[in-house]
Protein chains: 2
Amino acid sequence: MTQAPLVTILDDEPAIRTMLADALEEAGFRTMGFARATEFEAALKTAAPDVCLVDLSLPDRDGLSLVHRLALEQGATVIIISGRAQVQDRVTGLELGADDYIIKPFDPSEVVARIRARLRREKPATQTGNTARFNGWTAHFDSYILTDETGAETPFSHAEGEVLRLFLERPKRLISRAIMQETLGGAAGESFDRAMDVRISRLRTKLREDPKNPRLIKTIYGAGYIFLGDVSWS
Amino acid sequence: MTQAPLVTILDDEPAIRTMLADALEEAGFRTMGFARATEFEAALKTAAPDVCLVDLSLPDRDGLSLVHRLALEQGATVIIISGRAQVQDRVTGLELGADDYIIKPFDPSEVVARIRARLRREKPATQTGNTARFNGWTAHFDSYILTDETGAETPFSHAEGEVLRLFLERPKRLISRAIMQETLGGAAGESFDRAMDVRISRLRTKLREDPKNPRLIKTIYGAGYIFLGDVSWS
DNA sequence: TTCATCCTGTTACAATTCGTAAGATTTGCG
DNA sequence: CGCAAATCTTACGAATTGTAACAGGATGAA
């Protein structure tokens, strides 16, 4: 999967195929659509999809047996999309090897989210992006290392990384202390405020902030913090 | 996971906990139930659940931030069970790291089926090969030999191999001490912690890690370890 | 058997992390 | 300018982790 992940769509309704293809391509996936199981199976000989969306009610084949084969032989990630809403349908679909079961009518954005959730597991490495660049710095969240523009390395601890990640995920926006406390797992302890201060102080030191004039982590008195810096994840 | 998979249930309604526990235990899982996030987090220090069921509306904590931390830091399989049925809720839940999102009211048998679908994926991660290459090293698990890029050989023991294999099977993911202890057959002895430390220390020496700045085996204080390195099995 | 060697857990102590306490400093507002 | 609240910094200590040294046990050769 060096390029964008490939998602195949097998559904006999053209409207659904286009709806899914549009949403998926906007989300950065490649797509291939099929109306019949036979066409789909033919394509499988040359293409290797990362995810297969399969409608159960196909004109030329029982969808369930296809799912079974796909999951069993290809080891592919299979998501059933079906109008059959009974619990029993879902259970048997999942037991036959499907990874997920989405009921019609569905929202395309949920389909995208569920596909992403599967691929995240598939590629444990860095699907979501574990490296962020900002203002000459590079933060490697998988190796817990902060790199200078000169290449000099500074390790950062887990607690510091939590704070840094929070900032880098919400740059140039105010982050209230309440949100911070929640994200950092502070168990409603009043004195956790001080712990947060200390974390930020230590992070500032590693980022070589001038205490008199912090350029990256600004304090908003009475409100929270704001991280200035042009962040790009990869 | 030598024994039955462990599923944790975090929900403040006792009726739901029992319903799920009954269905799951009948299906052959071990279960642990919690009403509060704090109790659950405390249990995480000693137990290593294979799947975590989390209700979003918790009395003592916002469930979403908990899900985020679980998925991000523990690398755990997380399934949200929630009454919030809006598409947007589901999408954000999945994007924050949840593997699945089940809406109340639900049927226990579907929960079981969805959990099985997740675990089916987990298992095959165990590669069949017994030789792994990573960052210039080659580990031969059948001959208990570690080979350098220059071809120099270093033997490793059985205990060291267990740790190394655990790392190589889950690269770039956090491995909690609880999981390690379970995998390495540690009999819950408190002092087994030290034994694990020693195993890792010896492994680090053989991998010629710089004690001050380990590249491959990183320690996450209070959480566990993470193995960096691009692994390919054969 | 006897001895040497290796493996591995245990112990003891050093090093690191991180929250807490306490005092210093800054900010907002009269 | 003065005061109170908020925030920063430093120091300390509890908890966690690293590692050297030791000891018991297994293995295998003489």
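Chain letters run A, B, ... following the sequence lines, proteins first, then strands; residues in each count from 1.
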- Message: Between the side chains of A/Asp148 and A/Arg208, is the shortest nitrogen-to-carboxylate-oxygen separation below 4.0 Å, so that they form an ion pair?
- Response: yes
Let me have the donor-acceptor pairs involving side chains of residues 104-115 of chain B, under 3.5 Å, with sequence neighbours excluded, atom names and distances please.
from     : atom 1 : to       : atom 2 : distance (Å)
B/Lys104 : NZ     : B/Asp11  : OD2    : 3.2
B/Lys104 : NZ     : B/Glu13  : OE2    : 3.2
B/Lys104 : NZ     : B/Asp55  : OD2    : 3.2
B/Asp107 : OD1    : B/Ser109 : N      : 2.9
B/Asp107 : OD1    : B/Ser109 : OG     : 2.7
B/Glu110 : OE1    : A/Arg90  : NH1    : 2.6
B/Glu110 : OE2    : A/Arg90  : NH1    : 3.3
B/Glu110 : OE2    : B/Arg114 : NE     : 2.9
B/Glu110 : OE2    : B/Arg114 : NH2    : 3.3
B/Arg114 : NH1    : A/Asp100 : OD1    : 2.6
B/Arg114 : NH1    : B/Asp100 : OD1    : 3.4
B/Arg114 : NH1    : B/Asp100 : OD2    : 2.9
B/Arg114 : NH2    : A/Tyr101 : O      : 2.9

Only distances under 3.5 Å count here; give the side-chain donor-acceptor pairs of residues 151-159 of chain B to other protein atoms, sequence neighbours excluded, each with its distance to 0.1 Å.
from     : atom 1 : to       : atom 2 : distance (Å)
B/Ser157 : OG     : B/Glu160 : N      : 3.2
B/Ser157 : OG     : B/Glu160 : OE1    : 3.4
B/His158 : ND1    : B/Tyr144 : OH     : 3.2

Using a cut-off of under 3.5 Å, enumerate the N/O to N/O pairs linking the protein to nucleotides 26-30 of chain C.
from   : atom 1 : to       : atom 2 : distance (Å)
C/dT26 : OP1    : A/Lys212 : NZ     : 2.5
C/dT27 : O2     : A/Tyr221 : OH     : 3.3

Show me the protein contacts with nucleotides 5-8 of chain C, counting only N or O atoms at under 3.5 Å.
from  : atom 1 : to       : atom 2 : distance (Å)
C/dT8 : OP1    : B/Ala159 : N      : 3.2
C/dT8 : OP2    : B/Ser157 : OG     : 2.2

Which whole-number value in Å describes the distance from [X] [atom1] to [N] [atom2]?
X        : N      : atom1 : atom2 : value
B/Asn213 : C/dT16 : CG    : C1'   : 14 Å
B/Ile220 : C/dT16 : CD1   : P     : 17 Å
B/Lys218 : C/dT16 : NZ    : C1'   : 14 Å

- Under 4.0 Å from any heavy atom of chain A: name the first and the last nucleotide of DNA chain D that qualifies, 5' to 3'. D/dA5 to D/dA11
- Query: So what does B/Tyr144 touch, heavy atoms closer than 4.0 Å: a base, only the sugar-phosphate, or nothing?
  - Reply: nothing
- Residues that B/Arg199 engages under salt bridge (charged side-chain N to carboxylate O under 4.0 Å, His left out), provided they are two or more places apart: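 Expected list: B/Glu162.
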- Sequence neighbours excluded, the answer for salt bridge (charged side-chain N to carboxylate O under 4.0 Å, His left out) partners of B/Arg204 is none
- If a pair satisfies side chain to side chain donor-acceptor pair (under 3.5 Å) and one of its residues is in residues 20-31 of chain B, list it, with sequence neighbours excluded.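 Listed once each, the pairs are B/Glu25-B/Thr31.
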- Item | Partner set under side-chain hydrogen bond (donor to acceptor under 3.5 Å, both in side chains) for B/Arg133, not counting sequence neighbours |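 Result, side-chain hydrogen bond (donor to acceptor under 3.5 Å, both in side chains) vs B/Arg133: B/Ser234.
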- Excluding sequence neighbours, so at least two apart, what forms side-chain hydrogen bond (donor to acceptor under 3.5 Å, both in side chains) with A/Asp210? none
- Task: Could you list the residues that satisfy side chain to side chain contact (heavy atoms under 4.5 Å, CB included) with B/Leu216, not counting sequence neighbours?
- Result: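 If we apply the side chain to side chain contact (heavy atoms under 4.5 Å, CB included) test to B/Leu216, skipping adjacent residues, the hits are B/Phe134, B/Asn135, B/Trp137, B/Leu207, B/Glu209, B/Phe227.
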- Write out all pairs satisfying salt bridge (charged side-chain N to carboxylate O under 4.0 Å, His left out) with one or both partners inside residues 225-234 of chain A, taking only residues at least two apart or from two chains. A/Lys172-A/Asp230
